[in-house]
Structures are given as structure tokens and as C-alpha cells.
Amino acid sequence: MEIAKAYDPKQAEQSHYERWESSGFFTPEINEDPAAVKYSIVIPPPNVTGSLHMGHALQHTIMDVLTRWKRMQGFRTLWLPGTDHAGISVQRKVAEQLRKDEKKSPLDIGREEFVRRAWAWKEEYGNTITEQMRREGASVDWSRHRFTMDRELSTAVRNVFIRLYEEGWIYKGLRIVNWCPKDKTVLSDLEVKEETRKDGKLYYLRYPISGSPPYEGGVAPASGDGVVLSSSSESLSELNPDNAVENHPPAEAAGPLLRKEGRFLTVATTRPETMLGDTAVAVNPKDERYKDMIGKIIALPLTNREIPIVGDEYVDPEFGTGAVKVTPAHDPNDYQIGLRHDLEQLLVMNEDATMNAAAGTEFEDLDRFRAREKVVEMFEELGLLERVEDYEITLPVCERCKTVVEPILSDQWFVKMDEMRDMALDLIKKEGVPHFSPQVPHEKVYTAWLENLKDWTISRQLWWGHQIPAWYDEEGNVYVATTAEEAKEKSGGRELTQDQDVLDTWFSSGLWAFSTFGWTGDAESGRQGLSANSYQLSAISDRKADLGTFLPTDVLVTGRDIIFLWVSRMIMLTKKFVDKKAFEDVIVTGTVLGKDGKPMSKSRNNGVDPIEMFDKFGVDATRIYLASIATGADIKWNDIGVETYRNFANKIWNATRFCLLNSEGASVGSANLSLPDTLADRWIVSRLNKTAINVNNALSRYEFHTAVSLLYHFFWDDFCDWYIELKKDEINAGDIAASSRILSILEQALRLLHPFMPYLTEELWQKLPGTSNQLHNAAYSKAGQTIMLADFPKGDPAAIDERAESEMQSVIELITKVRNIRAEMNIKAGDMLSIHAAAGTEMQAVFTANEAQIKKLARADTLVLSETLDVPKASAKAVLTGGAELAVPLEGLIDFDKERERLQNQIAKLDVELQRLNGQLSNANFVEKAPEEKVQELRDRQAEIEQQTSTLNLNLKVLK
RNA sequence: GCCGUCUUAGCUCAGUGGUAGAGCACUCGCUUCACACGCGAUAGGUCACAAGUUCAAAUCUUGUAGACGGCACCA
């Protein structure tokens, strides 16, 4: 068989996926065993607007490793793929396209046409990521692919909404919400991020108190008369001298005017424009400075309104001036104050964050930031601007478009979270579900977050998404129903209009764990008004059993950024609607950072495209590199890491290439593993089984990096560096038994590697003689031959041969020490040596049995074994574990100085260890308190070192 | 402000009570008949710092410093 000298990943990547998929290997139905235990994972649905990034690649790798591993073990395995409709993102893309191509806005074409175009956009561009997943080798069941706006999933969304509404868990009401003026929609708390601005300002505004008598004299009034002018400035400066930068003329300029007007109260704000919507000023009732001002009235500048001074415990006397302007319609805390004091809620902004008519004619239609400037200017002109401080401020911004979010009073839909929160808390506290990997810190963070959970804003002012199934009559009465007809029926036949809003994308994602398995809510709820016809449409007739079969799923693999946004909601909603756990375990992956150690992002331009890595190093190399990252750990991207595994792939390729040389007549078969012959055979079989056991253990603990490391070193160090080298002559001589054995070991190794490197292993497995579906796990005996259905090696503890491993260790040590002598004494690679070894009879027997291999690998022509060494002085010597000794006569070649140095180095190294051992063993506490085993271990080691040291010293003496 | 994570060889990272590990880079030597994406042999670390617990600490506890993350506040 002709095999290329180097592995070309592209060729293998193009050859297998289509066959795997079309043969149904990815579907659970491929499993013929009726008693098979299920194993299921649902994918965190990527956005239809997205393309594959490194985070996906990492998570998909983990999910595929688990899926392939379990599938090979004979589980009825399902990894269910899908995509998310990504409300705002799609809305924005479609609107952008519309503007670019036709210079139209969504409003120009209307809702129906816009939604039609959004679907068209999704059809055209929404498959990018699914195509990329095929390249990744993801063994997902495409026949079960779901989209959050599929008919069945949309039905589920409606039914969930209706039930929550009927149970009082969903309500509509006026609340302060996060408003994005650019997207013109409300956002949930989780979609708002913080941005620190160092150039923020804190404005101190003076609010005149109406009807108060002018005070006398040109200085500030005594305490009790309010915080004014210089006195307040001074006290503030004292509090925070560094920040007290006065950018504006001091108060004196405005003094005379004010003195005529009377007393005033100074408030500090970062958002002066909101003063137009102030409906009170609040002070702490316990604050001596302001106590008697409560109840007085302020003439609010720039408006002709008068607002009261109220006393409220919320106000912190220590902060700012101790007096707070209250804008109930534009600030969540002010809103609460407003409720307590029955204050007017005056909305002064439009949905695009321009000021509205209520802000006054001078401000109407001004952008909020322009309005801010104008308010400040006008205060200054009026002499009411006390001062402006530089102030570092953290602003809420829209996580997607980075626009500053405006808190605004708005009528929205909310989900009450208290009862759902309690269900989730019960699950984690009583049952430990989900189990997080790594456990710390996610379990703690998740629990703490739940405990502080607030209600969830679910309405969004978009067109792309699940329109809220609520209808209104002319009087504003609400009818929540599945269809318009049902709503009309409920209203007694009135004319209704449907709520224009859609639901938060995460609302439908929250149902993902069960809506993907065909749950629509129809059958369970037995709702009236759903015709038999509509039920049929929403049922997935042939997959009805999926929900019962695959839920709870076994594990959820996701990033820590959506634990709250998605994971928690799935747990709660799944518990609520199906009364099941959504998943047992959650693997929280770390973040793949750019080369600069910062998260990858377009703005930083530090992103690494997985597809480019696939092209450069191959899919398999990229996958196994990603799997080699410790679970949950962040990692700086490093091409060299992938290169390492590209090299590994090539190593596997070439090892296979070697095993196939001269292999005529040989064949893969497990029988070849149970009849080991030589020491090397027993050793490699032992190593293989140990590796298989450890790999299974590591995977079951989600320690993918441990599994990768075990496989890497087994394959490269044990199999390639030693076993192949030891068996080379036999293989090259065309020994069929030896060939069959090495191919069988290789075949087992390929199976172990397959979950990580699916393409390479399939490519090679198909080339091995004797591979067929006979090697499949019993659950797949009828399927066409593929390594992906081969039985995953469990590893047999009985096949572990510690004696063989230790004997082999002696052979390896002998060879290594000879090589060391060769290298350090500058003996040419081609020169043959003569090896003399003194050892006990058992070890001699081991060396004798492996004489040919030792000679070959150490490049020696003679091996002389005896009880004691009898060699010329001109020999290089070394000691071996177990009291054995080694000498290589180097007549005419030896450099005595160098040999002395070599021996002294060895003695010095041993001496360091001996000192430590002696110290420990002479410590009575240690000998008394440490476990006996440990003490004995150190004593044995001490004896070994003493023996070796004395031998080395003797050898050194001979040289002198 | 609260909570958490990280700090180990030049670089990127494993290891979490009992003699410090890997890959890459470095040094030396190899056209050894699978592989130079290779083979062989070296070198390289008071495991951030300090105190404590323990016979024993890179590993557990506390504190300090630096890096990062989450949450809250932000008049």
C-alpha cells in the first residue's frame, strides 16, 4: 500500500464526514441494542448571525469527544444541534441590509415584510455555523436540528407564556427598565454591561427654595440653613480634596442674584438633563442639616414646576451634598422613592433618547447629551451652577451596540422569579444539581446569583422573534391566548390588536432543554382552543419518545458568560414545565484569549479564526489541542500548541505507515493482544491497558487534558520510541505474528484517539488490514465499518503486568545510560560499543532475553553479562537501579578528565537527594508519625542511593 | 464595596500534602532503512511574597502584592 510520507489533513477531512452522516452514524437509531443506556447532549444553540469562533470550537470539541466516546462504548447517543434566532442581532442585520440596498427603514416596509425578509436572511446566511460544524467533525444528529423559531418550538414558547401568565408568574407593568435608545428596545439586566468613563462629571446644581426669606449678609448662612455656597464647597473639598476641581467660576459670581432669591439646596448629579423630570428633592430625615426643610417647596429651575422636599431614609447623608434630586421616571432608586412619597412620574425622553414635550419647549427634540449641555449652560447663566467636578463614572451600556442605556419608566412584561428561583436553589442545595465542572467557583457564583435574583424583563420592542401572545381591546384589557381567534373568543368577540412586542431571545432558549425534544406544551396542558389540526402540526410524530428518552440530558457544555442568562433559566423552566432536571452536569469552559492575553474581539483585532487553524494545522490537531486545555481554565492562544499536535498527527500517520510496511498476511485482531510473547509485548500490552483505564477515568471526570496527555505519551513515548524500535527487526523481516500484534496495538490506540482526532483515526483505521464492523461495539454490528462505532477500549486490569513494566524499565535504563555515555564521551553515532553489565541473575536473564534489542538500540556489538564487572580501567561506567552496574570499555577513546567529571556529576546529584533523605530519616518525628510505608520507601531509596554512590566512588577512585 | 480565580523552567501551561512535569525555545550530537512535523543526549525552577498548621507544604489556613473575572453601588 502506497502511503504518503506526511499526513495531509485536508484529504482525510474531505473523505469521511459525508459518509458518517449519510450512514446515520450520528443518530441514536444506529444503536441496535434495545437495552442501551442513553447519553444525550444538546448544543448551546449558536446565533444564526454567528460564525464559528474559538469558544465554539472548544465547546464543540468537548461535546464531540464525549459523544464519540460514549457512542463507542455502546450508549444510545444523541448530540442535538440547533441554532438560535438571535432577536436583536438579526433585526439589526436585516435593517442594515435594507438601509444599504434600498435606503429604507423597517418602518417603510412594515412588520410583515420585514419579518419575511428576516426569514429570507436567515435562510441565506443562517447556515454558516452549521456548515462550519461539519468541518469540525461534530457528530451531531442533523436530522434533529432545531431552530428556536421552528413551529414546534414557537408553540412551546406560546404555551409556556400562557401558563406562566395564568399562574401569575408573568405580569405586565410599569417599571424602570434598561432602554437602549439605538436598538429602541428594553434590555434585561444581564444584557447591560458596565463601561467606566474617566471623563465623567458630577454637576452641583442649586435648587432655590421658594417662599423662603432672603438671608442677610454676604456670607453663607449658619448651619441648619442648608448647604450652600462656600460652606458646602469647603466641606466637600475636605472630603475629597483630589477631586475637587472647580471648572466653573466660583459661586460668588452668582451670589448677588441668589441672595435676592433666598435659600437654596444643592444637589449633585451626573445626568443634569434628568432634572427636567425631577418631581422632588429627597434628604435624609435624620440629617440635622436638612431636617427642617422637609415639606418645603422648591422652584425647579428651567421649568415652571414646584416640587417638594421629602425625607427618605434611602438618602446617604455622607454622599455628595446629602440632598438628592428625584426623577422617578428615569432612575430605579428614584422610582422607589417616588412610590413611597406618591410622587409624579414625569417622563421627559422619547424612545430615541431625545427630550420630549414634557421637558419643555426649549428642550424638546434635543438629544439627551445636547440637552445636558444646555441644562448646564442655562444653570450657569442663572448662577445656579455651583461647580463641576471631574468624576469617574461607570455607565450602563448595551452589551451589543455599546450605546449608553437609559433607565426609563416603561410598561413591559416581566417574569416573576421568586418561585422559580426557589426551585433552582432547592435543586442545587438538596440534590447538588447541576454539578459544575470545575465545581469552584461556579457553584458558589450560581447560588449567590440566584439568591439575589430580580424579575426578568421579557418583552422586546423588535419584530424578529416570538410575538407576545397577548391581545388588547380598545379599553386596554388584556387577553392572553394561543391564537387571535381564541383571544377574541375570550373577549366576547371584541376587536383586538396583538401586543406588538416579541419575547427576549433567552425566553425561548430557556426552553431549549425540552422544546428540542418535541415538547410543545399542547398535550400536557390539554388547552382548549387548540384544534386537533394545530396539534398535529406541532407534534413531531416519529420522535415523540425523545422527550422521555433523552431528558434529562447528561451534560451541558457552555461558557461562564451565560450561566445566568441561559443555564439557570433552563434549569428553572425545565423543572417547572417538565418537572425534570435539564441536565446532570455542567462543564464550564474557560475563555480562549488572544495572543495578547485579552479576550478575543473584533475591536482588539486579536481574534484567531478556527477555520484558519483548520487550514493550517488540520481539524484534528486543533481539536486535540483544545481538548488539552485544562477544563475551565483560560488560555492564551498559542499556535505552537496546535503545531505540537499537528506534529503528533504526523507521528501517528508515520507510525501507521511503518506498521503497514511488510505487513502482508498480517491482520488486526484482539487475539493478538492476549498472547503476548516477548517482554516488549507484555510491556506494551500492559501499558496499553493501563492507558485505556486511565483515559476512561479521566474522561468520566471531564479531565480531557489528562486523557490527551496520557494518549500523547503512550503513543509517542511508549509505542513509537520504544515498542516500534524494539520490534523493528521483526517487522522488517516480515514476521506476520509480530506485524499482526503491532497493528493490533496500533488499532487499539487509534480507537482511544478517535474521539479527539476523528478524521485521522478513521483514515488510518480504514487502511489497517482486518478492520471491519466485526470490531464494532456489539450495539453496532450491522452498521458499515467505521472506527467511530468500534468498541472503545475499557482496559483490562488483568492485563496490567507490573513485572513486565519494571523489567522493561531496566532495559530502558540500560539503553539510556549507554546512550548517555556515548553522547557525553563524544563517541560517534556509527561506532559500535561493547557493553558490560553486572547484575543479579534475574536481571541478567532479562538482559539476555533482550540482547538483540539492547544491542540494536544502544548500538553495541557485544553484551557481556556477569555477577561482577571485570573491565579495563579505560571504561566509562554507570550505575543502574537495583544494584546493577554498567561499563563501556573505551580503549583509546576515553577522556579520563571527562569521565571523572561525569562520575562526579552523578555522585553530586545523588548526594543532594541523600542529604534530604538522611535528614528526614534521622527526624524521630517523621519516623514515628509518618505512615510506615512511606518510611520504608525512603529507607529503600536511601539504601539504593548509598549503594550507587559507593559504586560510583569506587569507579572514580580507579581513575585516580 | 463584596465575591471569586490566577501567580510553577526563557515562552505557553499541567500538577493540589510525601524526591518538581510537558510542549516549544536553548545546548550538544545524528542523511540510524516510519517520521527533520524526525531521532538521541543534556541543561534550565528557593513553585509571587510573608506567617501559620503538619513528621512533611508548590499543594491546606491566614495575610500581602500583582493580574484578571463576576456582582453591587454610582445623587
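Residue numbering restarts at 1 for every chain, and letters A, B, ... go by the order of the sequence lines. Values below: every heavy atom of this structure, side chains too, minus hydrogens, waters and symmetry copies.
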Discussion item. Using the salt bridge (charged side-chain N to carboxylate O under 4.0 Å, His left out) criterion, which residues pair with A:D596? Sequence neighbours excluded.
Written reply: none
Worksheet item: Under 4.0 Å between a side-chain N or O of A:H705 and OP1 or OP2 of B:G15?
Response: yes
Fill in: Closest to the A:K444 side chain, choosing from B:C35, B:A41, B:C3
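Closest of the options to the side chain of A:K444: B:C3.
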Discussion item. Assess whether a salt bridge exists between A:D287 and A:R289, defined as any Lys/Arg side-chain N lying under 4.0 Å from an Asp/Glu carboxylate O.
Written reply: yes
Enumerate all atom pairs, one protein N or O and one N or O from nucleotides 19-24 of chain B, separated by less than 3.5 Å.
{"unit_1": "B:U19", "atom_1": "O2'", "unit_2": "A:R916", "atom_2": "NH2", "d": "2.6"}
{"unit_1": "B:U19", "atom_1": "O2", "unit_2": "A:E913", "atom_2": "OE1", "d": "3.3"}
{"unit_1": "B:U19", "atom_1": "O2", "unit_2": "A:E913", "atom_2": "OE2", "d": "2.5"}
{"unit_1": "B:U19", "atom_1": "N3", "unit_2": "A:E913", "atom_2": "OE2", "d": "3.3"}
{"unit_1": "B:G23", "atom_1": "O2'", "unit_2": "A:T644", "atom_2": "OG1", "d": "2.4"}

Discussion item. Of the options B:C35, B:C74, B:C30, whose atoms approach the side-chain atoms of A:A829 most closely?
Written reply: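 When the side chain of A:A829 is considered, B:C30 is the closest of B:C35, B:C74, B:C30.
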Worksheet item: Can you name the salt bridge (charged side-chain N to carboxylate O under 4.0 Å, His left out) partners of A:K909, sequence neighbours left out?
Response: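 Listed in chain order: nothing, the list is empty.
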Worksheet item: Salt bridge between A:E932 and A:K934, side-chain N to carboxylate O under 4.0 Å?
Response: no
Item to complete: For nucleotides B:C30 and B:G66, find the distance between their C1' atoms and express it as a whole number of Å.
Response: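 It comes out at 46 Å once rounded to the nearest Å.
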Worksheet item: Using atom P of each nucleotide, how far apart are B:C11 and B:C33 to the nearest Å?
Response: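 About 37 Å, rounded to a whole number of Å.
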Less than 3.5 Å apart, which donor and acceptor atoms pair up between the side chains of residues 446-453 of chain A and the rest of the protein, not counting sequence neighbours?
{"unit_1": "A:T447", "atom_1": "OG1", "unit_2": "A:E443", "atom_2": "O", "d": "2.6"}
{"unit_1": "A:E451", "atom_1": "OE2", "unit_2": "A:K429", "atom_2": "NZ", "d": "2.8"}
{"unit_1": "A:N452", "atom_1": "ND2", "unit_2": "A:A448", "atom_2": "O", "d": "3.0"}

Under 3.5 Å between N/O atoms: give me all the protein pairs with nucleotides 52-59 of chain B, atom names plus distance.
{"unit_1": "B:C55", "atom_1": "OP1", "unit_2": "A:K929", "atom_2": "NZ", "d": "2.6"}
{"unit_1": "B:C55", "atom_1": "O2'", "unit_2": "A:N923", "atom_2": "ND2", "d": "3.2"}

Worksheet item: Taking the nucleotide of RNA chain B with the closest heavy atom to each, which residue, A:V192 or A:I724, is nearer the 5' end?
Response: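 So the residue in question is A:I724.
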Worksheet item: Is any side-chain N or O of A:E703 under 3.5 Å from a base N or O of B:A14, one able to act as donor and the other as acceptor?
Response: no
Item to complete: Dot-bracket for RNA chain B, please, read 5' to 3', with Watson-Crick or G-U wobble pairs under 3.5 Å on both distances, ( ) within the strand, [ ] crossing, | other strand, . unpaired.
Response: (((((((..((((....[..))))..((((.......))))......(((((..]....))))))))))))....
Discussion item. Please give the distance between the P atoms of B:U5 and B:A41 as a whole number of Å.
Written reply: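 Approximately 41 Å lies between the P atom of B:U5 and that of B:A41.
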Practice prompt. Answer yes or no: side-chain N or O of A:R646 and base N or O of B:C37 forming a donor-acceptor pair under 3.5 Å.
Written response: yes
Fill in: Distance, rounded to the nearest Å, where A:R271 contributes CZ and B:C73 contributes P
13 Å
Worksheet item: Which part of the nucleic acid, if any, lies within reach of A:K651 when heavy atoms closer than 4.0 Å are counted: base, sugar-phosphate only, or nothing?
Response: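 Base contact - A:K651 has a heavy atom under 4.0 Å of at least one base atom.
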Item to complete: Under 4.0 Å between any heavy atoms, over every strand shown, what does A:E443 touch: base, sugar-phosphate, or nothing? Just pick one.
Response: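 Nothing: the residue A:E443, judged by heavy atoms under 4.0 Å, touches no strand.
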Worksheet item: Mind checking the C1' distance from B:A9 to B:C71? Whole angstroms is fine.
Response: 37 Å
Worksheet item: Between B:C74, B:A41, B:A14, which nucleotide gets closest to the side-chain atoms of A:Y391?
Response: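 From the listed options, B:C74 comes nearest.
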Worksheet item: Under a 4.0 Å N-O cut-off, is there an ion pair linking A:K855 with A:D861?
Response: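 A salt bridge is absent here (no side-chain N lies under 4.0 Å from a carboxylate O).
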Worksheet item: Rounded to whole angstroms, how far apart are NZ on A:K828 and P on B:G29?
Response: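 About 13 Å, once rounded to whole Å.
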Fill in: Atom-to-atom span, CH2 of A:W722 to P of B:C39 - whole angstrom
13 Å
Polar-atom pairs under 3.5 Å, protein N or O versus N or O of nucleotides 66-70 of chain B: list them with distances, or write none.
none

Worksheet item: Could you state the CG-P distance from A:L726 to B:A34, rounded to the nearest angstrom?
Response: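 To the nearest whole Å, that distance equals 15 Å.
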Discussion item. Can you list everything that forms a salt bridge (charged side-chain N to carboxylate O under 4.0 Å, His left out) with A:E946? Sequence neighbours excluded, please.
Written reply: none
Practice prompt. Compare side-chain N and O positions of A:N654 against OP1 and OP2 of B:G38 and report whether any pair is under 4.0 Å apart.
Written response: no
Item to complete: Provide, to the nearest angstrom, the distance between the NE2 atom belonging to A:H442 and the P atom belonging to B:C3.
Response: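 After rounding, the gap between these two atoms is 18 Å.
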Worksheet item: Listed by chain and number, what are the ring-ring contact (aromatic ring centres under 6.0 Å, His included) partners of A:F704, not counting sequence neighbours?
Response: none
Worksheet item: Between B:A14, B:A34, B:C74, which one does the side chain of A:T394 approach most closely?
Response: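 Closest nucleotide among those given: B:C74.
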Item to complete: Could you list the residues that satisfy ring-ring contact (aromatic ring centres under 6.0 Å, His included) with A:F614, not counting sequence neighbours?
Response: none
Discussion item. How long is the straight-line distance from OG1 of A:T591 back to CD1 of A:I629, given to the nearest 0.5 Å?
Written reply: 10.5 Å
Worksheet item: Using a cut-off of 4.0 Å on non-hydrogen atoms, how would the nucleic acid contact of A:A649 be classed: base, sugar-phosphate, or nothing?
Response: nothing
Worksheet item: Quick one: do A:K856 and A:E725 make a salt bridge, cutoff under 4.0 Å?
Response: no
Fill in: Between B:G40 and B:G52 - P atom distance, rounded Å
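About 47 Å, rounded to a whole number of Å.
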Item to complete: Please measure how far the P atom in B:A20 lies from the corresponding atom in B:U46, and state the result in whole Å.
Response: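 Nearest-Å result for B:A20 against B:U46 at atom P: 13 Å.
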Worksheet item: Quick one: salt bridge (charged side-chain N to carboxylate O under 4.0 Å, His left out) partners of A:R604, sequence neighbours excluded?
Response: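 Scan of A:R604 (salt bridge (charged side-chain N to carboxylate O under 4.0 Å, His left out), adjacent residues dropped) gives none.
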Worksheet item: When all nucleic acid strands are considered with a 4.0 Å heavy-atom cut-off, which category describes A:D721: base, sugar-phosphate, or nothing?
Response: sugar-phosphate
Fill in: A:D718 versus A:Y723, side-chain donor and acceptor atoms under 3.5 Å
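No, A:D718 and A:Y723 have no side-chain donor paired with an acceptor closer than 3.5 Å.
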Worksheet item: So what does A:D561 hit on the nucleic acid, given a heavy-atom distance under 4.0 Å: a base, only sugar-phosphate, or nothing?
Response: nothing
Item to complete: Before accepting this row, confirm whether a basic side-chain N of the pair A:K616/A:E643 lies closer than 4.0 Å to the acidic partner's carboxylate O.
Response: no
Worksheet entry | Inter-residue atom distance A:R741.CZ - A:D735.CG, 0.5 Å rounding |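 If I round to the nearest 0.5 Å, the distance is 8.5 Å.
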Worksheet item: Rounded to the nearest Å, what distance is computed from the CG atom of residue A:N650 to the C1' atom of nucleotide B:G38?
Response: 9 Å
Item to complete: Using the C1' atom on both, measure B:G15 against B:A58 and round to a whole Å.
Response: 9 Å
Discussion item. So if I take every side-chain heavy atom of A:K5 and compare against B:C74, B:C35, B:U42, which nucleotide ends up nearest?
Written reply: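 Minimum distance to the A:K5 side chain belongs to B:C35.
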Practice prompt. For A:K598, look at atom NZ and say whether over 12 heavy atoms of other residues, nucleotides or ligands are found less than 6.0 Å away.
Written response: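 No - once you tally the heavy atoms of other residues, nucleotides and ligands closer than 6.0 Å, there are 12 at most.
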Worksheet item: For atom P, what is the distance between B:G21 and B:C3, given to the nearest Å?
Response: 38 Å
Practice prompt. Take atom CG of A:D596 and atom P of B:C11, then tell me their distance rounded to the nearest Å.
Written response: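 Going from CG in A:D596 over to P in B:C11 covers 17 Å.
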Worksheet entry | Inter- and intrachain pairs under salt bridge (charged side-chain N to carboxylate O under 4.0 Å, His left out), touching residues 812-830 of chain A, at least two apart | none
Item to complete: Please figure out whether A:Y7 or A:R859 has its closest RNA chain B nucleotide nearer the 5' end.
Response: A:R859
Practice prompt. Using atom CH2 of A:W449 as one end and atom C1' of B:C2 as the other, report the distance to the nearest whole Å.
Written response: 18 Å
